[in-house]
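Worksheet for the structure shown next.
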Amino acid sequence: MTGPAVVLDIEGTVGSAAHVHDVLFPYARERLPQWFAEHRGTTRAAELLAEIRDHLRTGTLDEAGAVAALTAWTDQDVKAPPLKTIQGWIWAAGYADGSLSGHVYAEVPDALRRWKKSGAALYIYSSGSVAAQVNWFAHTPYGDLTPLLHGYFDLDTAGSKKSTDSYRHITETIGVPAGTTLFLSDSAEELDAAAGAGWRTAGVRRADDPRPRAVPGHTTIRSLDERDLDDLMKGT
């Protein structure tokens, strides 16, 4: 690709962190036992159990133990790949039956359209599974936003968001030079890792975020329609 790239975090950046913690997490948490009951004996359930055992480094873990581990990870907001996988599956059912929708801030759709029209390639990088990311943007109050996005990355396809190597891997995958790739996130640690890979960065601190207004060490914006962000995209 010859144009720039914009890589976006979801929680606290394009969508409300409260929506994740107050709506999505509880929705999946309370349905964990039901999911295992409905998928008992399936390949999908067996593979998920194996992934949970591997993550816990234990060779013995039954269904009840898996539910307990997933519940504990949910309550502690642990970015464990097996948890993100099953959350994505459970949320997919909720999106499909209309009981869930993806939250994006009001200016986000127009910002995505503007950047895409300018020639930028737009990507999502979140700890949530790729499947969950797609469903989030496909089911917003503003319609299906997935046609505006070029691709998605998660913990399995890119690695930890706090590791510089993950951003180097994304650079290799999308074929856009690090110096013309802009990353937006509400996490200073993630932004530091991206900057270590040569990316441009912008911190996002939404008006409903109780943390200090500035993201330490990074130009900070309150929304995606600020002039500072357009300047960063142009490299100025």
Side-chain angles (χ1 to χ4, degrees), residues 1-17 102-128 130 133-134 136-137 140 142 145-155 157-207 209 211-236:
M1 299 190 66
T2 57
V6 180
V7 181
L8 298 139
D9 170 49
I10 295 180
E11 180 183 337
T13 300
V14 299
S16 168
H103 177 272
V104 296
Y105 289 101
E107 89 286 356
V108 170
D110 284 344
L112 297 180
R113 294 186 186 100
R114 184 173 71 252
W115 296 340
K116 184 178 178 67
K117 185 177 180 179
S118 74
L122 310 180
Y123 296 89
I124 303 299
Y125 181 22
S126 173
S127 58
V130 166
Q133 296 174 35
V134 172
W136 180 295
F137 287 97
T140 81
Y142 306 96
L145 302 181
T146 58
L148 301 173
L149 302 169
H150 284 68
Y152 309 83
F153 294 93
D154 62 14
L155 301 179
T157 59
S160 169
K161 296 181 73 181
K162 298 178 182 179
S163 170
T164 296
D165 286 342
S166 300
Y167 298 88
R168 293 191 180 111
H169 173 74
I170 293 174
T171 292
E172 293 174 1
T173 301
I174 66 178
V176 177
T180 56
T181 301
L182 174 65
F183 180 50
L184 278 68
S185 173
D186 67 323
S187 166
E189 289 179 286
E190 295 174 6
L191 294 164
D192 289 345
W199 290 21
R200 300 175 191 164
T201 62
V204 180
R205 197 62 94 227
R206 292 288 179 172
D209 193 320
R211 292 173 293 179
R213 178 163 183 166
V215 179
H218 302 272
T219 297
T220 304
I221 59 172
R222 300 286 267 183
S223 70
L224 304 193
D225 53 10
E226 291 190 15
R227 181 182 296 274
D228 285 348
L229 184 55
D230 288 336
D231 291 343
L232 277 169
M233 289 186 63
K234 298 171 184 175
T236 59

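Between Phe183 and Tyr167, the distance separating the two ring centers is shorter than 6.0 angstrom. With ring centers used as reference points, Tyr152 lies 6.0 Å or more from His150.
Side-chain atoms of Arg205 come within 3.5 Å of backbone atoms of Pro212 as a donor-acceptor pair (strictly under, hydrogens ignored). Judged by distance alone, the side chain of Ser185 and the main-chain N or O of Glu190 form no donor-acceptor pair under 3.5 Å. A side-chain donor-acceptor contact under 3.5 Å links Gln133 to the backbone of Phe153. Formation of a donor-acceptor pair under 3.5 Å by the Thr140 side chain with backbone atoms of Phe137 is not found in this model. Between the side chain of Arg200 and the main chain of Gly179, a donor-acceptor pair closer than 3.5 Å is present. In this structure, Ser166 contributes its side chain and Ala158 its backbone to a donor-acceptor pair below 3.5 Å. Listed for the Thr146 side chain is no donor-acceptor partner under 3.5 Å among the backbone atoms of Val134. Side-chain N or O atoms of Lys116 include none that pairs as donor or acceptor with a backbone N or O of Leu149 at under 3.5 Å. Side-chain atoms of Ser163 do not come within 3.5 Å of backbone N or O of Ser160 as any donor-acceptor pair.
Note on Arg168 versus Asp165: salt bridge recorded, some NZ/NE/NH1/NH2 to OD/OE distance being below 4.0 Å. With respect to Asp192 and Lys162, no salt bridge is recorded, no charged nitrogen being found less than 4.0 Å from a carboxylate O.
Here the shortest heavy-atom pairing between Ala202 and Leu182 reads N-CD1, 4.1 Å. When every heavy atom of Gly128 is checked against every heavy atom of Asp154, the shortest pair comes out as O-CB, 3.3 Å. The nearest pair of heavy atoms linking Val108 to Val14 is CG2-O, 3.6 Å. Closest of all the heavy-atom pairs between Ala178 and Ala197 is CB-O, 3.3 Å. Smallest separation of non-hydrogen atoms from Ala106 and Tyr142: CA-OH, 3.3 Å. Of all heavy-atom pairs between Ile174 and Ala5, the closest is CD1-CB, 3.9 Å.
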Could you go through Trp115 and Leu224, starting from their C-alpha distance and side-chain angles, then the distance that decides it, and tell me whether this counts as side chain to side chain contact (heavy atoms under 4.5 Å, CB included)? CA-CA 10 Å; Trp115 296 340; Leu224 304 193; 3.9 Å; yes
Would you check, one step at a time, whether the test side chain to side chain contact (heavy atoms under 4.5 Å, CB included) holds for Val204 with Thr220? CA-CA 6 Å; Val204 180; Thr220 304; over 6 Å; no
Walk me through it: do His218 and Thr201 pass the test side-chain hydrogen bond (donor to acceptor under 3.5 Å, both in side chains)? CA-CA 7 Å; His218 302 272; Thr201 62; 2.8 Å; yes
Using salt bridge (Lys or Arg N to Asp or Glu O under 4.0 Å), reason through Arg206 and Asp209 one step at a time and then give a plain yes or no. CA-CA 5 Å; Arg206 292 288 179 172; Asp209 193 320; over 6 Å; no
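Residue Asp186 forms a salt bridge (charged side-chain N to carboxylate O under 4.0 Å, His left out) with just one option from Arg213, Arg222, Arg211, and that option is Arg211.
In the model, Ser126 has no side-chain atom that pairs as donor or acceptor with a side-chain atom of Trp136 under 3.5 Å.
For the pair Leu112 and Val6, the minimum side-chain heavy-atom distance is 4.5 Å or more. Residues Val176 and Thr171 are not in side-chain contact: their nearest non-hydrogen atoms beyond the backbone lie 4.5 Å or more apart. Side-chain contact between Leu8 and Tyr125 is absent, with no heavy-atom pair separated by less than 4.5 Å. Side-chain contact between Tyr105 and Ser16: present, with at least one pair of heavy atoms (C-beta onward) separated by less than 4.5 Å.
One finds the CD1 atom of Ile10 at 8.5 Å from the OG atom of Ser127 (value rounded to the nearest 0.5 Å). Considering CZ of Arg114 and CD of Glu107, their distance stands at 9.0 Å, rounded to 0.5 Å. Between Thr157 atom OG1 and His169 atom NE2 the span is 6.5 Å, to the nearest 0.5 Å.
For Asp225, the salt bridge (Lys or Arg N to Asp or Glu O under 4.0 Å) criterion is met by no residue, not counting sequence neighbours.
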